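For reference, the structure discussed in these notes is given below.
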Amino acid sequence: MVTLVNKFTVTGDDNEFRRVLSEISAYMRDQPGYLDHQLLRSLRRPDVYVETAVWADAQSHRNAVQSEEFRERVKQMAGLATPDADLYAEVEETAHS
């Protein structure tokens, strides 16, 4: 498994950003290898969001973001937010017992 961590700094209309991101997320949910998604908002800086998405493997994520459908949806994000994304592999997990 891999986890996408994407930090967004919103520079445009917050509601429009959330609408576009919701459409992108809905598309991703239908892609092979997609497992889970979460969107977090900073309490200290409300213009900053962090999105996490768990994928079965890096190739599944690559396939999804290389599609023309994904690219068309992402174009709508222009002017709304600056993304900073990367894929991560788990190194350690600690659960509350």
Side-chain angles (χ1 to χ4, degrees):
M1 278 192 299
V2 297
T3 301
L4 168 76
V5 177
N6 196 356
K7 177 183 173 187
F8 292 98
T9 302
V10 177
T11 55
D13 181 76
D14 188 73
N15 290 329
E16 183 66 6
F17 162 75
R18 297 274 310 270
R19 184 193 68 74
V20 170
L21 188 58
S22 180
E23 287 182 10
I24 294 169
S25 297
Y27 169 76
M28 296 304 257
R29 274 193 301 274
D30 292 336
Q31 301 312 300
Y34 169 92
L35 301 174
D36 190 33
H37 174 262
Q38 186 175 33
L39 182 63
L40 309 167
R41 187 176 194 176
S42 173
L43 295 175
R44 188 174 55 86
R45 294 183 51 206
D47 61 325
V48 175
Y49 290 81
V50 173
E51 170 189 42
T52 63
V54 180
W55 289 82
D57 54 74
Q59 188 59 50
S60 294
H61 179 262
R62 272 192 294 276
N63 291 344
V65 299
Q66 290 175 352
S67 73
E68 189 59 37
E69 288 181 68
F70 175 79
R71 290 179 189 168
E72 286 301 315
R73 284 173 171 77
V74 168
K75 284 180 187 178
Q76 297 177 59
M77 192 65 73
L80 294 175
T82 304
D84 181 13
D86 205 349
L87 286 176
Y88 293 82
E90 184 175 293
V91 176
E92 181 178 331
E93 180 179 357
T94 304
H96 186 273
S97 51

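What you see below is based on every heavy atom in this structure, not just the backbone, and it leaves out hydrogens, waters and symmetry mates. Owing to the predicted nature of the structure, the values given are computational and were not obtained by experimental measurement.
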### Message
side-chain contact (heavy atoms from CB on, under 4.5 Å), that's the test. Do S25 and E51 meet it? Break it down for me.
### Response
CA-CA 10 Å; S25 297; E51 170 189 42; 3.8 Å; yes

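In this structure, V54 belongs to a hydrophobic cluster whose other members, linked by side-chain heavy atoms under 4.5 Å apart, are M1, L35.
Using a 4.5 Å heavy-atom threshold, the side chains of Q66 and R71 count as touching. Under the 4.5 Å side-chain criterion, counting only non-hydrogen atoms from C-beta, L39 is in contact with R18. Using a 4.5 Å heavy-atom threshold, the side chains of Y49 and D14 count as touching. Side chains of K7 and V48 form a contact here, defined as non-hydrogen atoms less than 4.5 Å apart. Residues K75 and E72 form a side-chain contact, since some pair of their non-hydrogen atoms from C-beta on lies under 4.5 Å apart. Q59 is listed as a side-chain neighbour of N63, based on a closest heavy-atom distance under 4.5 Å.
Minimum heavy-atom separation, V5 to V50: CG1-CG1, 4.1 Å. The shortest heavy-atom contact between L87 and V2 is CD2-CG2, 4.1 Å. Of all heavy-atom pairs spanning P46 and R41, the tightest one is O-NE, 2.8 Å. What you find for P32 and S60 is that their closest heavy atoms are O-CB, 3.4 Å. Shortest non-hydrogen contact noted between R73 and I24 is CB-CG1, 3.8 Å. Closest heavy-atom contact between W55 and A64: CH2-CB, 3.7 Å.
Residues Y34 and V74 are members of one and the same hydrophobic cluster, defined by side-chain heavy-atom contacts under 4.5 angstrom among Ile, Leu, Val, Met, Phe, Trp and Tyr.
Residue T9 holds its OG1 atom at 8.0 Å from CG of D84, rounded to the nearest 0.5 Å. Interatomic distance, M28 CE to H61 NE2, rounded to the nearest 0.5 Å: 4.5 Å. The NE2 atom of H37 sits 5.5 Å away from the CG atom of L21 when rounded to the nearest 0.5 Å.
Partners of Y27 according to the ring-ring contact (aromatic ring centres under 6.0 Å, His included) rule, which considers only residues two or more places apart in sequence or in another chain, do not exist here.
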